[in-house]
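Labels below follow one simple rule: chain letters A, B, ... track the order of the sequence lines, proteins then strands, and each chain is numbered from 1. Keep in mind that what you see is a predicted model, and the values were worked out from it rather than measured.
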Amino acid sequence: MATLDVEGKSYEVDEEGYLMDWQEWTEGVAGAMAKEDGLDLSAEHWNVIKFLRSYFEKYQIAPMIKILTKELAKEYGKEKGNTKYLYELYPAGPAKQACRYAGLPKPTGCV
Amino acid sequence: MNGLSTVINLLAYVTALVFVVGFLNKVILYFKTPNPLLIPTTPAPTTTMGVVARMIPEVLFFRSLLKGGTAEKVLWVGGWIFHVTFLLIVLRHLRFFTYPVPGIIMAFQGLGILAGLLFPIALLILIVRRFTNDRMAVITLFQDYFVLILIIAIGLTGLLLKYYVRTNLVDVKAFILGLLTFSPAQLPDSPIFLIHFGLVLVLLAYFPFSKLMHAWGILVSPTRAQADNPREARHVAPWAQ
Amino acid sequence: MADIKAPELTGEIITPKVTPGASKGIMPFKAKPELMEKVNFPAEKPSNWKELFLKKMEEILKKYRSVRVFLDECVRCGACTDKCHYFLSTGDPRNMPVHRQELMRSVYRKYFTTGGKLLGNLAGARELSDELLEEWLTYFYQCSECRRCSVFCPYGIDTAEITMAAREILDATGIGSKYNLEIINKAETIGNNLGMPGPALRNTLDFVEEEIEEKTGVPVKLPLDVEGADILLVTPSADFFAEPHVLSLEGYAKVFHQAGVNWTISSHASEGGNFGMFIGNYDHMKTINKRIWDAARDLKVKRVIAGECGHAWRVLYSFSNTLNGPFDFLDSQYRQPSHICEYTLDLIKKGAIKLDKAANDEFSVTFHDSCNVARASRMGETPGDQMTIPREIINACCNKFVDMADDTIGERTFCCGGGGGVLTDEMIDIRVKGAMPRMQALKRVKDSHDVNFFALICAICKAQFTKIFPIYGIEMEEVGGVHQLISNSIQLGAKEGV
């Protein structure tokens, strides 16, 4: 099993770097993952991550992308509340990259 | 009857048995193996009559092959001529199997001879394409060449018998009719005939255990032979209840 | 993933030179032991794996005429060799359908035929080995089960059947695909491929309702688990999650709203897709399919309608009746599932829904036939209606429609490159390549007709192209559903036609 080491603690991750146990997540985990990708996490990035986690805690699944962009719109206005902006934040795909940083399992299915 | 004749007569019976039993065995095996699901390649006919109408051009004119590109068109020409001429040649040979020879078979003789000449040309196309195209070269196996060469050899020895080393037809016919009536007769005194006849036996014995079973397989391939009627009827195979 | 490069778009599909091993090394992640056990397969490859392998293979040979006949009757004529999108884009000979099948046929010769037992290598027979297993895992997962090869085969040999059998054998040997088995497990335990529980689904549907009302001012409902509804809609769960999928979901909802029918989605069967088919496992396919019919029975609906999903439609249309039929509890007029396209076109023809074509005037549209719809199912009354019905719908709601080249549509359609359980990130390289023939055909109509809307009726196609388009330098927003076009153009409220 692959691991991700953050601040002296070792986290189990799968082949693609998703956390095996979403409850183990810390902000340090997200930071370390972003660092590996060469990404600086801005306030907007964190906002996405926190929204994903709170949604997941409530519903045991990540939200539909549209729900996420709408949340962004509420927070930052229309020009940032769209899929394009989400891809600017998370170039590898909001569901996949943002979910990973948030410590959530990868969405499966025809997505 | 000399010793060789006895052996060949015996071999002929054994081969015939192997061919018939082997062929029927596959027919029964395919028949007994169920189709758990409806898997016709669609658009497909929805009725049995429709399936028959789909299969006729598949069997007689290799219709699906014609959907392909240039390579398949070349293959179609070679393959179709090969199969049709093979059939004509077999029909022509019925004159050696019947007494008296029915008029219709006699009427075939000219066509049969023409077929005999086209036959090796068609086979040449089939064999040359196997090593001149990089994709064919990769997929071709030993047995693909084996069966082509076997059939070419049968054709060429046949042509030899017809045009160069003529054999006494009365002897040939006596031999064949002897086999058919279970009163074995002397093998004609002709090495070429022996080779020709022997190769035919090899082909027959090989047939049920080889890709040549496509002759039957084409009729039972579920992607072509099934009707597309899941809405109209419930299709259930015994094991899948 | 940024280093993945797409083939150049020239508009031409050229048969490549054979390059052995060109796509070696591209294979799915293996499922972990815990997952294997959850879906009733051996946890991992045991030391006696050859026994398990051959036992399963023998069982399949007895159970499936397709496999038995296909293994026997191939004459290696080569007609299929340049028909597979994965061969056309990689040149790897193992991606020629006949040579992919050869991976199984060689084993068949070795252990199940007299000639192979006697002559071994000379007859093209091959012994089981770890190396062979690796090749199976590679190339039987580089097949999207699209059936294009079977169209051109003079005997109709369908590589999809061989691929499904091979995956079933691998699973029985303790080697499974993580992606496919994870999804199967979620569909069987939670009810959909995403693993979206009921409350999340309701929340999502509420959101979609809000969206529609915001955009149109009309309160269109997306009911969940409504007993006594007339229609049960089963659609791929991607419609509840991804874009552009959800835009078609809005389209279905608007159509039902405008038709004035009671309809519902089920949280028990919140998935149209059925990955049991992809791995050739009859039991999983049946179990997943059964959820739909249990839901239909429990909710006392009159009929079942399928949303935009290719392989879901194959299972629903072609296999449902066999797997879990007969469906006597449904309305006698609708004993078999209908496709949403059949339903919508019927309403259009009756004048029950009004469409404003001008609403789609910004789009020049082309339509991609999904393989499982085109070559493995039917819509409507007449064979081939599965091609005409979606096109009729598009033409009813758009002014600009053009078809791609004839040899790339209809029964000859090219796979999106992500079908058959290949739609997973570790396969991205082969997915990008596999899309090449389709992308070339698209390029031609983009050049000639400025096509900017690629209309689809399959969740896999939608997810695949959304991912692939940007790599080919095309905006992902150009990917959309047929019912997205309906959604744009449908006139809500105006009910005089009913």
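Looking at B:Glu232, the atoms closer than 4.5 Å to chain C (heavy atoms on both sides) all sit in the side chain, from C-beta outward. Proximity to chain B (any heavy atom under 4.5 Å) is restricted, for C:Lys62, to the backbone atoms N, CA, C and O. Contact of C:Arg412 with chain B is made through the side chain alone, with heavy-atom distances under 4.5 Å. Only the backbone of C:Ala374 comes within contact range of chain B, with heavy atoms under 4.5 Å apart. For C:Pro93, the part lying near chain B is the side chain, with the backbone staying farther off; criterion is any non-hydrogen pair under 4.5 Å. Looking at C:Asp82, the atoms closer than 4.5 Å to chain B (heavy atoms on both sides) sit in the backbone and in the side chain alike. If you measure heavy-atom distances from C:Leu119 to chain B, you find no contacts under 4.5 Å at all. Contact annotation for C:Met277: neither backbone nor side-chain heavy atoms come within less than 4.5 Å of a heavy atom of chain B. In this structure, chain B has heavy atoms under 4.5 Å from both the backbone and the side chain of C:Ser150. Neither the backbone nor the side chain of C:Val67 has a heavy atom closer than 4.5 Å to any heavy atom of chain B. For chain B, the nearby parts of C:Cys77 are the backbone and the side chain; heavy atoms of each come within less than 4.5 Å. Interface residue C:Val98: only side-chain heavy atoms are found under 4.5 Å from chain B.
For the set C:Met96, C:Glu411, C:Arg147, C:Glu102, the entry with the most heavy-atom pairs within less than 4.5 Å of chain B is C:Arg147. Considering only heavy-atom pairs separated by less than 4.5 Å from chain C, the leading option among B:Ile139, B:Leu38, B:Ile218 is B:Ile139. When each of B:Phe62, B:Phe142, B:Trp216 is checked for heavy-atom pairs under 4.5 Å with chain C, B:Phe142 comes out on top. Interface summary for chain B: among C:Gly91, C:Gly115, C:Ala376, the most heavy-atom pairs under 4.5 angstrom belong to C:Ala376. With chain B as the partner, the residue from C:Gly384, C:Gly325, C:Gly124, C:Ser318 showing the most heavy-atom pairs under 4.5 Å is C:Gly325. Per-residue heavy-atom pair counts under 4.5 Å with chain B were compared for C:Thr382, C:Thr81, C:Asp407, C:Leu323, and the maximum is reached by C:Thr81. Most heavy-atom pairs under 4.5 Å with chain B: of the set C:Ala123, C:Ala160, C:Pro20, C:Cys80, this distinction falls to C:Ala123. Options B:Ala225, B:Ala44, B:Ala71, B:Ala233 differ in how many heavy-atom pairs under 4.5 Å they form with chain C, and the most are formed by B:Ala44. Note: B:Arg135 leads B:Arg135, B:Glu58, B:Lys67, B:Lys32 in heavy-atom pairs under 4.5 Å with chain C. Among C:Gly410, C:Ser320, C:Pro337, C:Pro326, the residue with the largest count of heavy-atom pairs under 4.5 Å with chain B is C:Pro326. Contact count versus chain C (heavy atoms, under 4.5 Å) is highest, among B:His235, B:Arg63, B:Met213, for B:His235.
With values rounded to the nearest 0.5 angstrom, C:Tyr64 atom OH is found 10.0 Å from B:Ile39 atom CD1. Rounded to the nearest 0.5 Å, atoms CZ (C:Arg109) and CG (B:Leu141) are 5.0 Å apart. For the atom pair CZ of C:Arg68 and OG1 of B:Thr33, the computed distance is 6.0 Å after rounding to the nearest 0.5 Å. One distance of note links CG of B:Asp228 with OG of C:Ser377; it measures 8.0 Å at 0.5 Å rounding. Distance check, rounded to the nearest 0.5 Å: CZ of C:Phe152 to OG of B:Ser64 gives 9.5 Å. The distance from the CD atom of C:Glu59 to the CH2 atom of B:Trp239 is 8.0 Å, given to the nearest 0.5 Å.
The two residues B:Asn35 and C:Ser66 make their nearest non-hydrogen contact at OD1-N, 4.0 Å. The two residues C:Arg76 and B:Met136 come nearest to each other via the heavy atoms O-CE, 3.6 Å. For the residue pair C:Val18 and B:Val138, the shortest heavy atom distance occurs at CG1-CG2, 3.8 Å. B:Ser221 approaches C:Val69 most closely through the heavy-atom pair OG-CG1, 4.1 Å.
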(request) Please lay out, stage by stage, how C:Met285 and B:Leu37 fare under the test side-chain contact (heavy atoms from CB on, under 4.5 Å). (result) CA-CA 12 Å; C:Met285 187 159 74; B:Leu37 295 163; 3.6 Å; yes
(message) Before you tell me yes or no, could you show the steps for B:Thr223 and C:Tyr155 under side-chain contact (heavy atoms from CB on, under 4.5 Å), namely the whole-Å CA-CA distance, both residues' side-chain angles and the distance that decides it to 0.1 Å?
(response) CA-CA 8 Å; B:Thr223 45; C:Tyr155 314 116; over 6 Å; no
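Between B:Pro222 and C:Glu161, every side-chain heavy-atom pair lies at or beyond the 4.5 Å cut-off. Contact annotation: the side chain of C:Arg378 never approaches that of B:Pro43 to less than 4.5 Å [non-hydrogen atoms, C-beta and beyond].
Side-chain atoms of B:Arg234 come within 3.5 Å of backbone N or O of C:Thr322 as a donor-acceptor pair. A donor-acceptor distance shorter than 3.5 angstrom exists from the side chain of C:Asn321 to the backbone of B:Pro230, with no hydrogens or angles considered. Using modelled atom types, one side-chain atom of B:Thr42 and one backbone atom of C:Arg375 make a donor-acceptor pair closer than 3.5 Å. A side-chain donor-acceptor contact under 3.5 Å links C:Arg65 to the backbone of B:Phe31.
Taking the charged nitrogens against the carboxylate oxygens, C:Asp72 and B:Lys211 have no contact shorter than 4.0 Å, which rules out a salt bridge. No salt bridge links B:Arg224 with C:Glu73; every basic N to acidic carboxylate O contact stays at or beyond 4.0 Å. At a threshold of 4.0 Å, the pair B:Glu72-C:Lys83 counts as salt-bridged, since one of the basic side-chain nitrogens sits closer than that to a carboxylate oxygen.
Counting heavy-atom neighbours within 6.0 Å of C:Asp328 CG, excluding the residue itself, gives a total above 12. Annotation for C:Asn121: atom CG does not count as buried by contact number, only 12 or fewer foreign heavy atoms lying within 6.0 Å.
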